[in-house]
Amino acid sequence: MKINHLGGALARPPAVANAVGHRDAGYLLRVLSPVEPATAHIVEAAHGRLMDAVASRTLGRSPNFLFGAARTPERLAEGYAPDARDRLAKIAAAHDPAGVFQR
């Protein structure tokens with residue numbers, strides 16, 4: 001587990017619109033665990049308990065830190081504000097209609 005203090009340039013509004021979400025977050029909590037197939041359910045349960053414990057202080061998730069079973073369309077959507085999510089969906093529909101790139 002790692003906690004990073006955020007702010008500075010990341011917190012400032014961009015000069016050109018982009019899809020970086022949760023600029024107002026004060027901290028980033030990262031949890032990365034090695035997973036063996038036989039124990040994946042144990043690790044996923046532990047991560048779930050941790051995320052439940054911090055849920056009231058969570059703004060959303062960063063798509064950069066979602067792996068394995070945690071990388072669901074619903075959780076990926078939490079990484080973006082609704083307007084950015086809509087803009088990205090339109091771009092993907094126009095430029096990647098076959099869904100070659102993972103979203």
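Below, all heavy atoms of this structure are taken into account, side chains as well, without hydrogens, waters or symmetry copies.
Every pair tested for salt bridge (Lys or Arg N to Asp or Glu O under 4.0 Å) that includes a residue from residues 35-53 fails, sequence neighbours excluded, so the list is empty. Legend: side chain to side chain donor-acceptor pair (under 3.5 Å) pairs involving residues 76-89, not counting sequence neighbours, sorted by first then second residue: R61-E78. Sorted by first then second residue, the ring pair (Phe, Tyr, Trp, His ring centres under 6.0 Å) pairs that include residues 28-56, not counting sequence neighbours, number zero.
Interatomic distance, S33 OG to L50 CG, rounded to the nearest 0.5 Å: 9.5 Å.
P63 approaches G79 most closely through the heavy-atom pair CD-CA, 4.0 Å. Between P34 and V43, the shortest heavy-atom distance links the atoms O-CG2, 4.1 Å.
Residues that satisfy the side chain to side chain donor-acceptor pair (under 3.5 Å) test with R23, not counting sequence neighbours, are N18. By the side-chain contact (heavy atoms from CB on, under 4.5 Å) test, S56 pairs with no residue at all, sequence neighbours left out. Legend: residues meeting side chain to side chain donor-acceptor pair (under 3.5 Å) with N4, ordered by chain and number and at least two apart, are R30. Considering only residues two or more places apart in sequence or on other chains, I3 meets the side-chain contact (heavy atoms from CB on, under 4.5 Å) condition with Y27, L29.
Counting Ile, Leu, Val, Met, Phe, Trp and Tyr side chains that sit under 4.5 Å apart, directly or through other members, L28 shares a hydrophobic cluster with L6, L10, V20, F65.
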Please set out all donor-acceptor pairs under 3.5 angstrom arising from side-chain atoms of residues 88-95, sequence neighbours excluded.
none

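Taken together through direct or relayed side-chain contacts under 4.5 Å among Ile, Leu, Val, Met, Phe, Trp and Tyr, M1 and V54 form part of one hydrophobic cluster.
Counting only distance, with no hydrogens or angles, the side chain of T72 and the backbone of R75 share a donor-acceptor pair below 3.5 Å.
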